[in-house]
Visitor: 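Encoded as structure tokens, here's the structure I'll be asking about.
Positions are given from 1 along the sequence.
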Amino acid sequence: MRTREEIISKLNAHSSDTPSKWKEKAEWRNANKSWLRYSQRIAMMMLDKMEELGLTQKALAERMGCSQQYVSRVLKGTENLSIETISKIESALELEILEPAFVAR
């Protein structure tokens with residue numbers, strides 16, 4: 001059986017030198033939860049449509065005129081999307097995100 005000191009020593013050997021930011025991240029998510037919900041819904045809609053169309057992130061990025069890295073961030077559901085970006089997503093995926101009442105006719 002290991003001693004208490006041995007266990008603590010082993011845990012310390014595997015601990016990170018940088019402090020965890022879990023609390024700050026949780027507070028940020030809580031403070032931004034209203035728009036994060038929308039961002040996550042949009043990401044899910046995009047993923048469903050991309051699967052339906054057989055599109056990769058790279059192909060979607062080309063259609064949107066942005067980088068694959070940006071598409072990746074959007075698909076994580078934590079990107080604060082502008083109306084311009086939402087419009088590009090709609091055009092690239094032939095997807096309706098905003099309600100028709102908001103779209104100019």
Visitor: Once rounded to the nearest 0.5 Å, what's the spacing between atom CD of Glu96 and atom CE of Met45?
Guide: 8.0 Å
Visitor: Between Met44 and Leu98, is there shared hydrophobic-cluster membership here, with clusters defined by ILVMFWY side-chain heavy atoms closer than 4.5 Å?
Guide: yes
Visitor: For Cys66 versus Val71, what's the shortest heavy-atom pair and its separation?
Guide: SG-CG2, 3.7 Å
Visitor: If a pair satisfies salt bridge (charged side-chain N to carboxylate O under 4.0 Å, His left out) and one of its residues is in residues 57-84, list it, with sequence neighbours excluded.
Guide: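 Only Arg73-Glu79, Glu84-Lys88 qualify under salt bridge (charged side-chain N to carboxylate O under 4.0 Å, His left out).
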Visitor: Please report the shortest heavy-atom distance between Leu55 and Ala59, naming the atom on each side.
Guide: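 Taking every non-hydrogen atom into account, CD2-CB, 3.8 Å.
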Visitor: Would you call Ile89 and Val74 a side-chain contact if the rule is heavy atoms closer than 4.5 Å?
Guide: yes
Visitor: What's the shortest heavy-atom distance between Leu60 and Met50, and which atoms?
Guide: CD2-SD, 3.6 Å
Visitor: Give a yes or no answer on whether the side chain of Glu90 reaches the backbone of Ile97 with a donor-acceptor pair at less than 3.5 Å.
Guide: yes
Visitor: About how many Å separate CD of Gln40 and OH of Tyr38, when rounded to the nearest 0.5 Å?
Guide: 12.5 Å
Visitor: Taking all non-hydrogen atoms of both residues into account, name the closest pair between Trp28 and Thr78 and its distance.
Guide: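 For Trp28 versus Thr78, the nearest heavy atoms are CH2-O, 4.2 Å.
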Visitor: Under 3.5 Å, side chain of Ser15 to main-chain N/O of Asn12, donor-acceptor pair present?
Guide: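 Answer holds: yes.
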Visitor: What is the distance from atom CG of Leu81 to atom CE of Met46, rounded to the nearest 0.5 Å?
Guide: 8.0 Å
Visitor: Between NE2 of His14 and OG of Ser9, what distance do you get to the nearest 0.5 Å?
Guide: 9.0 Å
Visitor: Indicate yes or no for a side-chain donor-acceptor contact from Ser91 to the backbone of Ser87 under 3.5 Å, with no hydrogens or angles considered.
Guide: yes
Visitor: Is the count of non-hydrogen atoms from other residues, nucleotides or ligands lying under 6.0 Å from Tyr70 atom OH greater than 12?
Guide: yes
Visitor: Could you report the tightest heavy-atom contact between Lys49 and Leu93, atom names first, then the distance?
Guide: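 Scanning both residues, the minimum pair turns out to be CE-O, 2.9 Å.
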Visitor: With a 4.5 Å cut-off on side-chain heavy atoms, are Asn30 and Lys33 touching?
Guide: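 A side-chain contact exists here, since the closest heavy-atom pair is under 4.5 Å.
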Visitor: If you measure from CD1 on Ile42 to CG on Leu75, what distance do you get to the nearest 0.5 Å?
Guide: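 Between atom CD1 of Ile42 and atom CG of Leu75 there are 11.5 Å.
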Visitor: Quick check: are there more than 12 heavy atoms from other residues, nucleotides or ligands sitting under 6.0 Å from CD of Glu51?
Guide: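 Check fails, neighbour count at 12 or below.
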Visitor: Below 4.5 Å, heavy atoms only, C-beta onward: do Glu6 and Lys10 meet side chain to side chain?
Guide: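 No; the side chains remain at least 4.5 Å from each other.
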